[in-house]
2 protein chains.
Amino acid sequence: MEISTQEVEQRVSGFKEACRKAGVKLTHQRLEIFREMAQTVDHPDAESVYNSVRERVPTVSMDTVYRTLWMLNDLGLVKTLGQAHERTRFDANLKRHHHFVCVRCGLTRDFYSDELDELDVRAATRDVGQVVSTLVEVHGVCNECAQKEKKGL
Amino acid sequence: MEISTQEVEQRVSGFKEACRKAGVKLTHQRLEIFREMAQTVDHPDAESVYNSVRERVPTVSMDTVYRTLWMLNDLGLVKTLGQAHERTRFDANLKRHHHFVCVRCGLTRDFYSDELDELDVRAATRDVGQVVSTLVEVHGVCNECAQKEKKGL
DNA sequence: CTATTTGCAAATAATTTGCAGTGCG
DNA sequence: CGCACTGCAAATTATTTGCAAATAG
């Protein structure tokens with residue numbers, strides 16, 4: 001369940017390389033924030049990262065954590081869980097369904113599939129817990145955004 | 001793509017019934033907020049619901065929309081997209097993976113499955129757009145929460 | 001050296017809450 | 001009629017931003 005020191009150092013090397021390539025400065029704060037992300041299997045929020053990093057870098061500030069996490073996101077080194085910057089959205093469809101989410105505009109459409117409804121993930125998740133329900137989330141480009149793109153952005 | 005008037009009215013009837021059963025008052029505002037949710041295939045946020053409902057009920061306020069949406073959520077008539085009340089969370093795992101989310105505590109763990117990696121959802125989503133990637137999101141109860149429950153809450 | 005980056009404090013955005021009046025059952 | 005519900009305005013929470021001082025390359 002833990003991530004090996006070796007794996008962490010490998011990721012850290014990759015980060016240093018990425019900073020050089022992108023021309024961003026490798027500060028103490030950034031390094032420790034990245035290290036924190038690299039060594040956890042959790043999917044922490046900014047505050048959780050802040051609390052952990054503060055133990056090692058007591059003067060770090062919350063806004064540096066946010067700025068660094070978004071920078072890592074821009075560099076493709078972290079992703080957000082769910083859509084970034086999104087407000088709470090509500091879903092009144094009580095039928096069993098799956099979601100298609102447009103990566104450009106955020107449009108979310110339900111779709112149906114007997115095959116996906118029957119997926120059995122119990123074996124793959126046995127170590128984590130008991131399955132209640134399973135949803136497939138497809139990320140893609142919706143037809144409307146594809147149209148716009150064809151017409152030159 | 002639209003929801004038939006008949007289907008909407010059926011859902012509205014179910015809502016009235018649910019209100020009676022739960023002993024909550026059926027106000028004009030609640031009815032129109034529910035109707036708005038029942039007749040859209042979007043997954044609107046509170047503001048979007050507010051704007052639509054306001055055309056029919058000009059005096060409705062944003063906080064009534066929020067209160068009603070959460071009430072509908074409590075009654076099981078709507079769900080939220082993603083985890084409710086969550087802050088932005090970050091994920092540093094760049095390997096292909098899927099997510100197990102505990103419905104009790106929100107713990108999110110990655111898991112791996114060649115079978116799930118190979119799912120082909122193109123047929124089911126053809127009408128909506130072009131697939132970029134596919135992620136399976138499993139909702140369940142993590143081992144730790146299952147333990148707690150066994151010991152009596 | 002000097003352009004970036006940081007920490008602070010203040011701003012913004014989304015959502016929630018207290019309260020006095022309103023209306024459903 | 002009474003208590004749950006509403007709208008308002010103010011509070012709260014998460015996140016972002018402007019700016020002067022600090023620092024990586």
TODO: Nearest-nucleotide wise, let me know which of B/T68 and B/T88 is further upstream toward the 5' end of DNA chain D.
DONE: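 Of the two residues, B/T68 wins.
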Open item on the list: Please verify the inter-ring angle class for B/F15 with B/F34; under 30° counts as parallel, over 60° as perpendicular, anything in between as tilted.
Closed with: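 It falls in the parallel class, under 30°.
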Counting just side-chain N and O atoms, does [X] come under 4.0 Å of either OP1 or OP2 of [N]?
{"X": "A/T59", "N": "C/dG7", "value": "yes"}
{"X": "B/Q29", "N": "C/dG23", "value": "no"}
{"X": "B/H85", "N": "C/dT16", "value": "yes"}
{"X": "B/R30", "N": "D/dC5", "value": "yes"}
{"X": "A/W70", "N": "D/dT15", "value": "no"}
{"X": "A/T27", "N": "D/dT23", "value": "no"}

- [ ] Using a heavy-atom cut-off of under 4.0 Å over every strand shown, decide if A/E47 touches base, sugar-phosphate, or nothing.
- [x]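 No contact.
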Spacing of [X] atom [atom1] relative to [N] atom [atom2], expressed in whole Å:
{"X": "A/L26", "N": "C/dT6", "atom1": "CG", "atom2": "P", "value": "10 Å"}
{"X": "B/D63", "N": "D/dA4", "atom1": "CG", "atom2": "P", "value": "18 Å"}
{"X": "B/R89", "N": "D/dT15", "atom1": "CZ", "atom2": "C1'", "value": "17 Å"}
{"X": "A/L69", "N": "D/dA14", "atom1": "CG", "atom2": "C1'", "value": "14 Å"}
{"X": "A/Y66", "N": "C/dT6", "atom1": "OH", "atom2": "C1'", "value": "17 Å"}

Task: Any side-chain donor near an acceptor of the partner, A/H139 and A/E137, under 3.5 Å - done: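 On atom types as modelled, these side chains qualify, holding a pair under 3.5 Å.
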Task: Test item: A/E149 and A/K151 side chains (from C-beta on) under 4.5 Å apart, heavy atoms - done: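 Side chain of A/E149 against side chain of A/K151, heavy atoms only: no contact under 4.5 Å found.
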Open item on the list: I want to check something: taking the side chain as every heavy atom from C-beta on, are A/D127 and B/F100 in contact at a cut-off of under 4.5 Å?
Closed with: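 No; the side chains remain at least 4.5 Å from each other.
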TODO: For a side-chain contact (heavy atoms from CB on, under 4.5 Å) with B/V131, tell me which candidate from B/L119, B/D120, B/T125 qualifies.
DONE: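 Result: among B/L119, B/D120, B/T125, B/T125 is the only option passing the side-chain contact (heavy atoms from CB on, under 4.5 Å) with B/V131.
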Open item on the list: With hydrogens left out and only the distance checked, is there a donor-acceptor pair under 3.5 Å joining A/R67's side chain and the base of C/dG7?
Closed with: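 Side chain to base: pair found, below 3.5 Å.
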